[in-house]
Amino acid sequence: MKEKIAELLNSAVSHLKETGAFPADYNPEITVENARDKAHGDFATNLALKSSKVAGMKPRELAERIIESLPSDPAVRDTEIAGPGFINFFLNEASHLEIIREVVEQGTDFGLSRQGQGQRIQVEFVSANPTGPLHVGHGRGAAYGASVADLLEAVGYDVHREYYVNDAGRQMTILAVSVWLRYLELQGESLSFPANGYRGEYIIDIARQLQKDHGDKLHHPTASVLSDLPPDEPDGGDKETYIDALVERCRKLVGEAAFARIFDLGLNAILGDIRQDLSAFNVDFQQWFSERSIQTNVSEALKILDEKGYLYEQEGATWFRSTDFGDDKDRVVRRDNGETTYFASDIAYHLNKFDRGFDRVINIWGADHHGYITRVKAAIEALGIDPTRLEIRLVQFAILYRGSERLSMSTRSGSFVTLRELREEVGKDAARFFYVTRKAEQHMDFDLELAKSESKDNPVYYIQYAHARVCSMLAKLRSMEASQPTSVNSDTLAPLTLEDEKDLAAMMARYPEVLARAAEQLEPHQLTHYLRELAGRFHTYYNAHKVLVDDPELREARVALSLAVRQIIANGLGLLGVSAPESM
RNA sequence: GCGCCCGUAGCUCAGCCGGAUAGAGCAACGGCCUUCUAAGCCGUGGGUCGUAGGUUCAAGUCCUACCGGGCGCGCCA
């Protein structure tokens with residue numbers, strides 16, 4: 001409908017150009033907005049205000065000329081000039097209600113569009129290090145990423161969801177040694193656990209598996225493990241140096257092959273757990289991309305940068321000249337010990353992403369990575385790829401509250417609240433919904449009590465309840481053995497004459513726009529707010545007017561209206577990974 | 001110190017790439033269940049949009065400076 005108004009305005013502009021009111025080369029951007037106030041009609045344009053200078057006329061005068069030049073259209077009942085020079089459009093009743101027919105006919109397809117034109121777009125999200133279970137901080141990235149991906153798909157993009165598995169780094173070797181130490185404890189050794197080791201309960205579970213698989217074959221006495229190591233942090237030493245030495249000792253004692261088995265056992269156990277967790281959270285990926293698999297491409301990527309002259313040697317290390325692209329300082333890609341950095345892997349990974357042919361790449365990162373954006377974009381640009389094809393969205397942390405009590409979390413100590421615990425406590429639906437009710441870059445307070453509450457305080461239940469209400473009303477209709485509308489046409493809808501009904505229809509007409517906008521701006525919270533409002537209007541309507549009235553024609557019309565509302569709620573919740581229950 | 005994000009009702013937040021009188025929910029107060037689920041609805045009060053300038057027909061929205069809060073500034077990943 002909006003497009004139609006814009007078309008009308010467009011032809012008015014051409015007409016005014018012909019009559020000389022506008023210069024022939026004038027091509028204004030025509031914006032049509034939904035009127036905020038019903039008194040202002042259905043749509044409004046500021047065209048006259050924007051163009052008054054060019055036309056050399058007062059805005060209201062120009063508005064009059066524009067209206068005179070508008071072709072007539074059956075859907076438009078009236079136009080008016082308002083305020084400083086807005087042109088307001090009023091639609092006739094039938095055009096309002098038409099949307100109900102569209103929704104019912106299109107069903108689950110209603111709201112989908114092709115604006116993405118099948119462009120290939122990759123969304124990389126979560127990508128948490130496989131060193132432990134996902135915690136509530138990852139949950140927000142998961143919920144946000146999944147909703148963004150689904151939204152993009154809904155508006156016609158070819159979406160590829162990917163999880164980058166950091167399975168190559170030092171952290172993973174620390175994980176392996178943590179498992180091994182717990183294994184030694186299970187074998188009866190007693191030793192003090194390193195300050196920098198992973199202390200979670202899950203490590204012990206993995207150690208039990210290790211014991212089951214390998215018996216005592218990996219057992220070494222404490223003395224041989226700890227002899228001649230530098231001091232750990234509690235003894236005044238450096239925890240990093242200590243843990244690295246411990247890793248080396250472990251490799252030496254058990255041998256590289258066995259170390260690799262411990263490593264893989266830990267990796268697979270944790271990754272399996274993460275997959276299961278995400279799957280239960282309704283978050284699925286097309287691909288789990290291993291950092292190890294890209295290692296062979298790292299030197300290749302660095303070679304390209306070198307050939308382009310962006311690398312140099314200093315103090316034994318190799319540096320990337322990221323300052324050429326606006327970074328604060330140059331970055332090391334190969335350390336003086338010859339090993340490439342994590343950043344180097346990331347350069348290769350991003351090169352690989354674009355080599356795979358994605359038109360656009362979206363990275364969803366935790367807020368703590370924001371210092372990393374410039375250098376990755378710099379690398380992309382240095383490799384000759386348009387950096388605007390890479391969009392990076394940061395997700396701020398969620399702070400958990402239980403009522404007014406703030407819950408703390410810390411990965412290393414193992415005392416964090418896991419995503420699984422959250423899901424078990426508040427449920428998948430509430431968790432998915434709550435995480436995306438705020439803009440991603442907005443800090444968020446996540447109140448467990450509110451998410452669990454079964455009342456109107458809780459927006460998830462509020463929206464789901466609107467859906468369930470329609471379902472139970474339909475069940476009653478069936479028990480009355482009354483006819484349910486099989487098809488909807490303008491005659492069916494004609495009895496809908498109430499203001500509330502018109503409002504609901506107008507609100508539903510906005511749904512496709514809301515989707516398009518939420519997708520384009522990567523902001524699922526726009527959809528949550530829309531659904532909250534739609535559900536609210538429906539509750540108001542439902543409370544004030546009976547749907548299952550005796551008059552069969554009015555009943556049929558109101559049932560059609562309710563069906564349409566239910567459909568949009570179901571469609572919208574689906575995109576957020578939230579279920580739409582038939583009864584509650 | 002530098003960079004990014006944020007500052008809107010007592011609280012949590014919207015505010016549609018500048019538009020008409022700034023909106024919800026919660027909390028507070030007052031009403032509504034023999035009628036399709038009260039997990040709901042109706043009503044009342046509540047604001048110098050952090051501060052000061054600037055841009056223009058029009059600024060919560062854009063620009064500049066400052067104030068306040070968060071995060072990040074490794075040859076870690």
Side-chain angles (χ1 to χ4, degrees), chain A residues 31 33-37 39-40 44-46 49-50 52-53 58-59 82-86 88 129 131 166 168-172 174 240 291 314-319 327-329 331-337 339-343 345-346 366-374 394 396-397 404 437-445 447 450 453-462 464-466 468-477 480 510 513-514 517-518 520-521 523 525-526 528-530 532-533 535-536 538-549 555 558-559 562 583-584:
Chain A
T31 56
E33 8 180 80
N34 303 304
R36 287 187 191 178
D37 190 332
H40 299 140
T45 183
N46 58 2
L49 286 161
K50 279 254 161 76
S52 68
K53 240 179 211 167
K58 287 183 178 157
F86 292 103
N88 294 335
N129 285 350
T131 51
N166 296 128
R170 173 170 167 266
Q171 295 306 323
M172 290 304 299
I174 296 176
E240 306 288 351
E291 183 188 354
Q314 192 181 316
E315 294 166 18
T318 307
W319 299 70
D327 202 359
D328 296 339
K329 51 177 286 194
R331 307 292 172 176
V332 171
V333 290
R334 181 175 282 118
R335 292 193 279 266
D336 54 10
N337 66 9
E339 281 179 39
T340 54
T341 59
Y342 175 81
F343 177 47
S345 297
D346 240 9
D368 54 337
H369 283 69
H370 79 76
Y372 206 69
I373 296 175
T374 320
L394 297 178
Q396 291 289 340
F397 298 114
S404 57
T437 49
R438 306 278 176 254
K439 279 196 275 236
E441 63 267 28
Q442 184 80 257
H443 298 265
M444 181 171 76
D445 294 341
D447 185 351
L450 179 60
S453 78
E454 299 192 346
S455 73
K456 64 177 174 177
D457 306 1
N458 187 336
V460 191
Y461 285 93
Y462 185 85
Q464 289 181 323
Y465 181 48
R469 266 187 146 172
V470 177
C471 291
S472 79
M473 186 264 292
L474 290 174
K476 173 146 188 180
L477 178 69
M480 286 163 61
R510 275 179 44 215
E513 272 171 49
V514 170
R517 199 180 168 81
E520 185 192 329
Q521 304 186 347
E523 294 187 342
H525 79 273
Q526 294 188 19
T528 66
H529 283 97
Y530 170 85
R532 175 70 177 69
E533 200 183 332
F538 182 73
H539 284 310
T540 298
Y541 174 73
Y542 196 79
N543 222 265
H545 310 287
K546 193 167 167 144
V547 173
L548 302 179
V549 291
R555 184 175 64 222
R558 289 185 172 174
V559 167
S562 308
S583 69
M584 296 172 72

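All chains are named by letter (A, B, ...) in the order of the sequence lines, taking the proteins before the strands, and each is independently numbered beginning at 1.
Across the strands present, B:A9 finds no partner; the criterion is a Watson-Crick or G-U wobble pair with both atom distances under 3.5 angstrom. Pairing for B:U48 is absent, with no Watson-Crick or G-U wobble pair whose two atom distances lie under 3.5 Å. The base-pairing partner of B:G43, taking Watson-Crick or G-U wobble contacts with both distances under 3.5 Å, is B:C29. The pairing partner recorded for B:A38 is none, the criterion being a Watson-Crick or G-U wobble arrangement whose two distances lie under 3.5 angstrom. Across all strands shown, B:A58 forms no Watson-Crick or G-U wobble pair with both distances under 3.5 Å. Judged by Watson-Crick or G-U wobble contacts below 3.5 Å, the nucleotide B:G1 has B:C73 as its partner.
A:His369 places its NE2 atom 17 Å from the C1' atom of B:G3, with the value rounded to the nearest Å. Between the P atom of B:A14 and the CD atom of A:Glu533 lies a distance of 15 Å, rounded to the nearest Å. One can place CD of A:Gln521 at 18 Å from P of B:U61, the figure rounded to the nearest angstrom. Put simply, CG on A:Asn34 is 11 Å from P on B:C17, counting in whole angstrom units. In this structure, the CE atom of A:Met473 is 13 Å from the P atom of B:A38, given to the nearest Å. Protein atom OH of A:Tyr372 is 8 Å distant from nucleotide atom C1' of B:A77, rounded to whole Å. With rounding to whole Å, A:Arg469 atom CZ is found 15 Å from B:C33 atom P. Regarding A:Asp368, its CG atom lies at a distance of 18 Å from the P atom of B:C76, rounded to whole Å.
Going from the C1' atom of B:U61 to that of B:U44 covers 31 Å, rounded to whole Å. Spacing between B:A22 and B:A59 at atom C1', rounded to whole Å, works out to 12 Å. Annotation: B:G31 and B:G18 have their C1' atoms spaced 42 Å apart (nearest Å). Using atom C1' as the reference point in both B:G1 and B:U8, the two lie 31 Å apart (nearest Å). Between the P atoms of B:U12 and B:G7, the separation comes to 12 Å (whole Å). Distance check on atom P: B:A20 versus B:C6 gives 22 Å, rounded to whole Å. Across B:C4 and B:G15, the matching C1' atoms stand 23 Å from one another, rounded to whole Å. Taking atom P on both nucleotides, B:A14 is separated from B:A58 by 29 Å, rounded to a whole Å.
Within 4.0 Å of A:Ala468, counting heavy atoms only, lies at least one base atom of the nucleic acid. Among the heavy atoms of the strands, none lies under 4.0 Å from A:Lys58. Residue A:Phe343 is classed as having no contact, given no heavy-atom separation below 4.0 Å to the nucleic acid. Residue A:Thr540 is classed as a sugar-phosphate contact, given heavy-atom separations below 4.0 Å to backbone atoms only. A:Ala39 comes within 4.0 angstrom of nothing in the nucleic acid, heavy atoms only. Nucleic acid contact class of A:Ala82 (heavy atoms, under 4.0 Å, all strands): base. Here A:Asp328 lies out of heavy-atom contact (under 4.0 Å) with every strand. Counting any heavy atom pair closer than 4.0 Å across all strands shown, A:Thr31 reaches no nucleic acid atom.
Judged by closest nucleotide on RNA chain B, A:Leu394 is the one of A:Tyr542 and A:Leu394 placed further toward the 5' end. Along RNA chain B, the nucleotide nearest A:Ala168 and the nucleotide nearest A:Leu49 are compared for position; the residue whose nucleotide lies closer to the 5' end is A:Leu49.
When the side-chain nitrogen and oxygen atoms of A:Arg335 are compared with OP1 and OP2 of B:C76, one or more of them lie within a distance under 4.0 Å. Checking the phosphate oxygens (OP1, OP2) of B:C41, a side-chain nitrogen or oxygen of A:Tyr462 falls inside 4.0 Å. Under 4.0 angstrom from either OP1 or OP2 of B:U35 there lies no side-chain N or O belonging to A:Lys476. Applying the 4.0 Å criterion to OP1 and OP2 of B:A24, one finds that A:His525 has every side-chain N and O outside that range.
Candidate nucleotides B:A39, B:A20, B:C76 were compared by shortest atom distance to the side chain of A:Gln171, and B:C76 ranks first. Residue A:Glu291 places its side chain closer to B:A77 than to any other of B:G72, B:A77, B:C36. With distances taken from any side-chain atom of A:Val332 to the nucleotides B:U35, B:C75, B:C5, the minimum falls on B:C75. Taking every side-chain heavy atom of A:Lys53 into account, B:U56 is the closest of B:C75, B:U35, B:U56. Side-chain atoms of A:Met584 lie closest to B:A39 of the nucleotides B:A39, B:C36, B:A77.
The two residues A:Arg469 and A:Asn543 come nearest to each other via the heavy atoms NH2-ND2, 3.9 Å. Taking both residues in full, the closest heavy atoms of A:Leu548 and A:Val559 are given as CD2-CG2, 4.1 Å, listed atom of the first, atom of the second, then distance. Summarising the geometry of A:Arg334 relative to A:Thr341, their closest heavy-atom pair is N-CG2, 4.5 Å, with the distance given to 0.1 Å. Of all the heavy atoms in A:Asn88 and A:Ala82, the pair that sits closest is ND2-CB, 3.4 Å. Listed here is the closest heavy atom pair of A:Phe538 and A:Ser562: CE1-OG, 4.0 Å. Contact between A:Pro459 and A:Arg532 at its shortest, heavy atoms only, is CB-CD, 4.0 Å.
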So which protein nitrogen or oxygen atoms get under 3.5 Å of nucleotides 11-13 of chain B's nitrogens or oxygens?
unit_1: B:U12; atom_1: O2'; unit_2: A:Arg438; atom_2: NH2; d: 2.8
unit_1: B:C13; atom_1: OP1; unit_2: A:His443; atom_2: O; d: 3.1
unit_1: B:C13; atom_1: O5'; unit_2: A:Arg438; atom_2: NE; d: 3.3
unit_1: B:C13; atom_1: O2'; unit_2: A:Arg438; atom_2: NH1; d: 3.0

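The shortest side-chain heavy-atom distance between A:Phe343 and A:Val332 does not fall under the 4.5 Å cut-off. Taking 4.5 Å as the limit, every side-chain heavy atom of A:Tyr542 sits out of range of all side-chain heavy atoms of A:Val470. Counting only heavy atoms from C-beta outward, the side chains of A:Glu240 and A:Arg170 approach each other to under 4.5 Å. Contact check for A:Asn46 versus A:Phe86: side-chain heavy atoms found under the 4.5 Å cut-off.
For the residue pair A:Arg331/A:Tyr372, the side-chain donor-acceptor check at 3.5 Å is not satisfied.
The aromatic ring of A:Phe86 sits over the base of B:A20, with ring centres less than 5.5 Å apart and planes tilted by under 30°. By the 5.5 angstrom centroid cut-off and the 30-degree plane limit, A:His40 is classified as stacked against the base of B:A20.
Under the 90° criterion around 0 for the glycosidic angle, B:C33 counts as syn.
With hydrogens and angles ignored, no donor-acceptor pair closer than 3.5 Å exists between the side chain of A:Asp346 and the base of B:A77. A donor-acceptor contact under 3.5 angstrom links the side-chain atoms of A:Asn46 to the base of B:G19. Contact of A:His539 with B:C41 (side chain to base): no donor-acceptor pair of N or O atoms is detected under 3.5 Å.
No donor-acceptor pair closer than 3.5 Å links the side chain of A:Thr437 to the backbone N or O of A:His525.
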